[in-house]
Amino acid sequence: MSADFLQFLFSGITVGATYALVGLGFSIIYNASHVINFAQGEFVMLGGMATVFFYGAGLPMPLAMAMAVAMTIFIGMALEKFAVEPAKGASIVTLIIITIGASIFLRGLAEVLWGRNFHSLPPISGSDPINIGGALVLPQSLWVVGGTIVIVITLAWFFNRTMTGKAMVASASNPLAARLVGINLKFILLLSFALSAMLGSIAGILIAPISLAYPGVGIMLGLKGFCAAILGGMGNPMGAVLAGLIVGISEALTAGYISSAYKDAVAFIIILAVLFLRPNGLFSTGGTERV
Amino acid sequence: MSPLNMPGRNGLLALIATIMVLPLMLPNAFYFDIVILIGLNSIVCIGLNLLIGYAGQISLGHAGFFGIGAYFSAILTSTYGWPATAAMVVGAVVVGLLSFIIARPIMKLQGHYLAMGTLGLGVIITIVLTQESDLTGGPDGMPVPGFSIFGWEPYGETVWYWIIAAVLVATVWLSLNLIASPVGRALRAVHGSEIAAETLGVNVVKYKVLVFVLSAIIASLAGSLFAHYTGFITPDTSGFIHSIQLVTMVVLGGMASTFGAVAGAAILTILPQLLTVFHDYEHLVFGAVLIGTMIFMRRGLVPTLADLFNGRQK
Amino acid sequence: MTLLRVENLSRSFGGIKAIDDLSLTIRPGPIHSIIGPNGAGKTTLFNLISGIYKPGGGRIVLEDADITGHAIWRLAELGLARTFQNLQIFFNMSAIENVMVGMHLKSDSRFITSLFRTPGIVKGDQDKREEAIRLLEFVDLGDYLDADTDSMPYGALKRLEIARALATQPRIIMLDEPAAGLNPAETVAIDGLIQKISENGITVILVEHDMRLVMGVSEHIFVLEGGRMLAEGTVADIRNNPDVVAAYLGESGRDR
């Protein structure tokens with residue numbers, strides 16, 4: 001493998017990991033509520049921005065990060081409580097507008113709290129690139145990829161091994177039956193927003209040293225995460241992770257070999273092609289309408 | 001309202017009366033400018049409402065068609081010296097063809113997949129308009145010459161006011177007609193139950209394609225007028241945010257209500273102007289207003305108010 | 001004489017044969033019923049005949065035309081209409097507009113005339129409206145003409161679906177559990193309505209669980225089990241068929 005290719009591959013895996021985390025967030029909330037949370041990208045933005053400012057305020061980095069995650073989780077839960085739950089039973093379009101309203105609101109919140117400027121965050125372990133097979137990789141990239149792997153494994157354990165996690169899976173596949181066996185659906189809904197906010201904020205913190213932090217950083221990230229979630233088959237978390245990586249790598253390869261101008265279009269071209277061929281997503285089995 | 005008389009006649013008359021009286025109450029060009037933008041947004045939203053509100057198919061990418069119309073007018077008139085009307089027609093034809101080709105696969109999608117597909121289409125259009133900077137001027141945008149029709153070149157806010165007003169009234173009238181017709185019933189049936197519509201002899205795919213193309217062409221024509229009126233356009237006219245604004249106008253005003261689309265366009269065009277007094281808090285307040293309205297008036301403004309007005313108890 | 005012929009029809013879902021090499025013929029005129037336990041394939045058969053599902057094998061022939069795999073909306077043109085087990089009302093339209101959609105094929109559905117609301121469109125809608133009123137009165141919904149469908153009672157919506165299907169002027173109407181969810185009085189009314197439809201020369205195919213209704217109105221009964229034909233014949237034939245009594249009537253007779 002050429003060094004060029006490796007270089008593109010690593011940068012693709014790095015952004016792909018971010019898309020994967022955002023896509024996971026979409027999937028988790030979708031499973032719990034059938035809501036597409038268009039404010040998912042804003043969780044990423046909040047994670048990065050809040051860390052910058054807690055750190056700037058003199059907190060040690062690990063504490064600043066923990067505070068940022070906690071704050072984003074709190075905001076995610078508030079979003080569920082005050083915007084999504086009151087709109088229970090509304091149409092898909094109405095819910096889409098509500099979460100878009102929330103994303104504008106959160107961007108506005110960031111602007112009020114921290115201004116509209118770009119901020120940078122120092123990388124966790126320096127900025128001297130590491131040479132891997134001729135490709136130069138930033139240590140921060142390894143943090144992004146490593147962090148994503150840890151999160152995906154932890155989540156898999158959570159959904160398969162813990163009572164609460166199993167309850168979330170159960171209520172996604174059959175809400176009525178889940179309620180009958182005593183699962184508190186309201187709690188599951190709240191938890192799904194907390195989890196997604198956590199995933200988003202961690203992605204935001206990890207990627208901030210590479211992508212910078214500013215109020216609008218979440219828009220494109222959110223849309224591409226949505227791409228990953230759809231591509232993976234809506235509500236299929238592991239599909240979303242895989243699709244996030246596919247999108248990230250395709251983007252990097254396109255930028256490297258074809259044209260960096262159309263890098264941002266790649267995700268959407270893939271998604272259109274896939275939707276046209278398989279209207280229910282890449283990894284879905286499809287179903288038949290019952291009448 | 002009897003469906004056999006002119007449908008929505010009273011509403012249309014009220015709209016015309018408002019349009020006639022409004023210029024007397026607008027103090028200066030700034031206000032005319034806002035009202036003209038309301039008119040342009042209303043035109044797009046009436047088309048989009050046919051798609052979203054009546055036929056039940058969401059689109060998060062319609063600003064893309066608006067943008068293509070705007071850029072065709074801009075490029076053909078400024079770079080190639082075409083007459084404005086010809087450029088506008090060519091833009092609409094191109095949008096018509098593009099939307100026709102894409103309509104079949106995209107209208108097969110349902111719910112969130114349709115949202116994603118249309119969103120993706122819009123984003124791709126924006127990226128093309130941004131990147132092909134030799135033609136479009138790139139992210140910084142490009143100037144557009146004034147409009148001209150048969151040698152007449154409308155100039156100034158007052159003249160534009162009457163042009164947009166005339167187009168708006170025509171659009172409202174045609175939309176009301178269409179909705180009350182067999183075609184309109186077929187579109188609403190597609191929303192109500194595709195499978196039932198189909199068993200009653202409605203070719204669902206044909207009607208979905210029809211309404212998608214129609215709404216795209218309306219957006220394109222409005223985009224052309226917008227380009228000539230403002231004299232300067234950027235790729236943002238085709239962007240995701242603009243698409244969202246358009247959908248929000250439709251939903252806020254009231255889905256499946258032609259006058260709702262106008263009301264939604266008016267409110268969401270005026271609101272940001274009012275919010276500029278909040279300076280930094282603009283987005284915060286705008287987002288909160290959006291969430292609040294959608295929670296408390298799910299069906300949108302006009303249907304909710306109409307129910308209150310009619311004292312419906314159900 | 002046959003009106004509709006199903007030949008060796010099959011369809012499976014995920015390896016399970018919902019309809020398995022099934023053949024039957026429908027004669028013009030009489031009321032035919034399809035009965036059978038849950039999962040026997042009754043609704044699947046309706047969905048296959050009305051084109052919603054594509055068959056895995058076999059043919060469906062209407063008079064002499066092979067309609068297997070036809071687009072659903074074309075079947076309305078050929079005189080096939082149906083109602084649904086789970087209501088498929090257009091809740092975004094009034095009762096009368098629901099029925100008027102049923103007249104779509106006979107309406108002027110050209111885009112340009114609709115856009116400009118030509119006198120032809122106005123006249124056409126006037127006629128369609130009058131016809132729809134007659135149909136709504138026929139199914140005893142005269143009080144609900146301009147009613148909002150989402151405020152109509154369940155029983156009325158069931159009859160609205162029948163009126164809407166009749167609006168296509170069908171030769172065959174397939175009714176999928178028209179009495180399900182109705183109280184005894186409403187069921188009796190549906191019974192009368194089905195006979196009235198039949199008297200108007202429309203061939204009725206009925207899927208129904210209410211045995212009293214089926215035995216009362218049917219002239220020919222098909223009994224399905226596991227996607228196959230268990231028995232067919234007149235009411236008397238079916239009542240006396242030991243297979244049917246054992247497999248179906250025995251158990252369901254007890255709880256009625």
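Quick note on labels: first sequence line is chain A, next is B, and so on, each numbered from 1.
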Is there a side-chain contact between [X] and [Y] in this structure, where contact means two heavy atoms from C-beta onward sitting under 4.5 Å apart?
X: Pro182(B); Y: Lys128(C); answer: no
X: Asp125(C); Y: Arg185(B); answer: yes
X: His104(C); Y: Leu200(B); answer: no
X: Leu178(B); Y: Leu115(C); answer: yes

Other residues, nucleotides, ligands: >12 heavy atoms within 6.0 Å of [X] [atom1]:
X: Lys106(C); atom1: NZ; value: yes
X: Asp64(C); atom1: CG; value: no
X: Phe138(C); atom1: CZ; value: yes

[X] portion near chain C, given a 4.5 angstrom heavy-atom threshold:
X: Ala256(B); result: neither
X: Leu214(B); result: side chain
X: Leu210(B); result: side chain
X: Tyr207(B); result: side chain

How long is the gap from [atom1] on [X] to [atom2] on [Y], to the nearest 0.5 Å?
X: Arg188(B); Y: Phe91(C); atom1: CZ; atom2: CZ; value: 15.5 Å
X: Ser181(B); Y: Phe116(C); atom1: OG; atom2: CZ; value: 12.5 Å
X: Ile195(B); Y: Phe84(C); atom1: CD1; atom2: CZ; value: 6.0 Å
X: Ser114(C); Y: Ile179(B); atom1: OG; atom2: CD1; value: 10.5 Å

With respect to chain B, which residue among Met100(C), Glu161(C), Met103(C), Arg110(C) yields the maximal number of heavy-atom pairs within a distance under 4.5 Å?
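When all of Met100(C), Glu161(C), Met103(C), Arg110(C) are compared, Met100(C) has the most.
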